[in-house]
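Here's the structure we're looking at; comments come further down.
These values consider heavy atoms only, across backbone and side chains, with no hydrogens, waters or symmetry-generated copies.
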Amino acid sequence: MAGTSTDEVAAERRQLINVAYRLLGSLAEAEDAVQEAYARWYALPRARQEEIVSPGAWLTTVTGRICLDVLGSARARRERYVGAWLPEPLPDRAEWDRGQGADPADQMVMDESVTMAFLVVLESMTPAERVAFVLHDVFRYPFAEIAAVLGRTPAACKQLAASARRRVGAVRAPVTAAGQADAVRRVRQAWETKDIAALVDVLDPAAVMTADGGGMAGAALHPVEGAARIAQYMVAIADKAPGLELLERSVNGAPGLVARRGGVVLTVASFDVVDGRVARIWVVRNPEKLRPWGREG
């Protein structure tokens, strides 16, 4: 059957990687989940493969179930994690480290559903809510197919998606790329000149900065709250990091900052900008989450 051709089955990988990354917030875990789904497909007898009308739907269902299991065990793993856990930041396609073997840069679709602000909201959902919402609202899968992933009725899946949608509804609409880029540029300039007043001016008074070092790189273990405290913290870091250069780069499809030393990326920062001021900063320093960035430039 044409539906079970090797080329057609392999062509599903791009979609599966995009689904799994949004479900898990980790490219490494997403690739592992998709690899496991393909392993299960190729382990099927040929006769069973030919019975499956839509290999893509089968692979999506299996990938979704694998991701659901990963999300279910994530709570225990996060409790052991040192400091805050943040999703893995992704570079622009042109800046992706090409030394990683298979090139995920050609597979990831950068849109609003991969911004750090969106992924952080997904983290607040239950595993079932996250699966139902991502598959239905982001990828437009019907609830009948989602029911096969979650092992629930389509009506129950619809309720899960609605609950998740209310969480997302509380998130402000993103500013334009130009508006965010301007705020990020002001942060960079103020940080480079160690200008606390300028930093405070570009930060929302109630701004919050969350850092993820994973116990492998220095990072604040708890969120830093308030414009003044964040500005002081950033300037203190600048004092301790001579030779560090800041670059304006696309992070998960939105303007962000990358800090590197000797060509090696050490920090990637994402921003949420509201009314021209930075309301949230997410800083990833865990080197395991920065592998796609490699040696930039």
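- Atom CD of E36 is surrounded by more than 12 heavy atoms from other residues, nucleotides or ligands within 6.0 Å.
- A salt bridge links D239 to K194: one of the charged nitrogens lies within less than 4.0 Å of a carboxylate oxygen.
- Shown here is R277, whose CZ atom has more than 12 heavy atoms of other residues, nucleotides or ligands within 6.0 Å.
- Checking R14 against N18 by side-chain atom types alone, no donor-acceptor pair falls below 3.5 Å.
- Side-chain contact between V258 and T267 is absent, with no heavy atoms from C-beta onward closer than 4.5 Å.
- Between E129 and Q159, the closest side-chain pair of non-hydrogen atoms is not below 4.5 Å.
- Checked by atom type and distance alone, the side chain of E248 never pairs as donor or acceptor with a backbone atom of R185 at under 3.5 Å.
- Judged by distance alone, the side chain of Y21 and the main-chain N or O of E29 form no donor-acceptor pair under 3.5 Å.
- How far CH2 of W58 is from CD of E51: 12.5 Å, rounded to the nearest 0.5 Å.
- Looking only at side-chain heavy atoms (C-beta outward), I281 and T210 stay at 4.5 Å or farther from each other.
- Between the CG atom of L23 and the CG atom of L122 there is a distance of 8.5 Å, given to the nearest 0.5 Å.
- Under the 3.5 Å distance criterion, the side-chain polar atoms of R167 are matched with a main-chain donor or acceptor of S124.
- The shortest distance between side-chain heavy atoms of P89 and M116 falls below 4.5 Å.
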- Query: What do the steps show when you test Q49 against W41 for side chain to side chain contact (heavy atoms under 4.5 Å, CB included), and what is the final call?
  - Reply: CA-CA 8 Å; Q49 289 180 356; W41 168 263; 3.7 Å; yes

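- Smallest separation of non-hydrogen atoms from L27 and P292: CD2-CG, 4.3 Å.
- Contact check on R229 versus E225 returns no salt bridge, with no Lys/Arg side-chain nitrogen under 4.0 Å from an Asp/Glu carboxylate oxygen.
- At a threshold of 4.5 Å between side-chain heavy atoms, the hydrophobic network of Ile, Leu, Val, Met, Phe, Trp and Tyr places V278 and V208 in two separate groups.
- Taking CZ of R130 as the start and OG1 of T126 as the end, the distance is 10.5 Å to the nearest 0.5 Å.
- Between W282 and V251, every side-chain heavy-atom pair lies at or beyond the 4.5 Å cut-off.
- Both I66 and Y42 belong to a single network of hydrophobic side chains, linked directly or stepwise wherever heavy atoms of I, L, V, M, F, W or Y lie under 4.5 Å apart.
- For the salt bridge (charged side-chain N to carboxylate O under 4.0 Å, His left out) test, no residue two or more places apart in sequence or in another chain qualifies with E145.
- A donor atom on one side chain and an acceptor atom on the other are not found under 3.5 Å apart for T193 and D195.
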- Step-by-step side chain to side chain contact (heavy atoms under 4.5 Å, CB included) determination, L119 to V121: CA-CA 5 Å; L119 292 175; V121 173; over 6 Å; no

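- Here the closest heavy-atom approach between residue V149 and residue T61 is recorded as CG2-CA, 3.7 Å.
- For the atom pair OG1 of T60 and CD of Q15, the computed distance is 6.5 Å after rounding to the nearest 0.5 Å.
- Applying the side-chain hydrogen bond (donor to acceptor under 3.5 Å, both in side chains) criterion to R261, with sequence neighbours excluded, gives no partner residue.
- In this structure, D212 and R285 have side chains that are not in contact, with every pair of non-hydrogen atoms separated by 4.5 Å or more.
- Taking the six-membered ring where the residue is Trp, F143 and H136 present parallel rings, their angle staying beneath 30° rather than reaching 60°.
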- Task: Determine, stepwise, if the pair L59 / V9 fulfils side chain to side chain contact (heavy atoms under 4.5 Å, CB included).
- Result: CA-CA 9 Å; L59 284 164; V9 170; 3.9 Å; yes

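- In terms of the ring-ring contact (aromatic ring centres under 6.0 Å, His included) criterion, W191 has no residue partners (sequence neighbours excluded).
- The line from CD1 of I17 to OG1 of T63 is 8.5 Å long, rounded to the nearest 0.5 Å.
- Between C67 and A33, the shortest heavy-atom distance links the atoms SG-CB, 4.0 Å.
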- Going through the checks in order, is the side chain to side chain contact (heavy atoms under 4.5 Å, CB included) test met by V114 and L90? CA-CA 9 Å; V114 294; L90 300 181; 5.5 Å; no

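- One distance of note links CG of L71 with CG of L24; it measures 5.0 Å at 0.5 Å rounding.
- K289 places a side-chain N or O within donor-acceptor distance of the main-chain N or O of L86, the cut-off being under 3.5 Å.
- Hydrophobic cluster of W85: the remaining members, joined at side-chain heavy-atom separations below 4.5 Å, are Y81, listed by chain and number.
- You'll find the side chain of V264 stays beyond 4.5 Å of the side chain of R260, heavy atoms only.
- For the ring-ring contact (aromatic ring centres under 6.0 Å, His included) test, no residue two or more places apart in sequence or in another chain qualifies with Y141.
- Nearest heavy atom pair, residue M234 against residue V187, reads CE-CG1, 3.8 Å.
- Counting heavy atoms from C-beta outward, F139 and R22 have side chains that approach closer than 4.5 Å.
- With Q180 contributing its side chain and A254 its backbone, the two residues share no donor-acceptor pair below 3.5 Å.
- A side-chain donor-acceptor contact under 3.5 Å links S73 to the backbone of V70.
- Considering only residues two or more places apart in sequence or on other chains, Q189 meets the side-chain hydrogen bond (donor to acceptor under 3.5 Å, both in side chains) condition with none of them.
- Taking a cutoff of 4.0 Å between a charged side-chain nitrogen and a carboxylate oxygen, D137 and R165 qualify as a salt bridge.
- Ionic pairing of E88 and R291 is not present here: no N-O contact between side-chain nitrogen and carboxylate oxygen is shorter than 4.0 angstrom.
- The pair D204-R280 does not meet the salt-bridge criterion, since no charged nitrogen lies less than 4.0 angstrom from a carboxylate oxygen.
- Judged purely by atom type and a 3.5 angstrom limit, R186 has no side-chain atom pairing as donor or acceptor with the backbone of A198.
- Between V200 and A228, the shortest heavy-atom distance links the atoms CG2-CA, 4.0 Å.
- Nearest heavy-atom pair across E12 and G56 is CD-CA, 3.5 Å.
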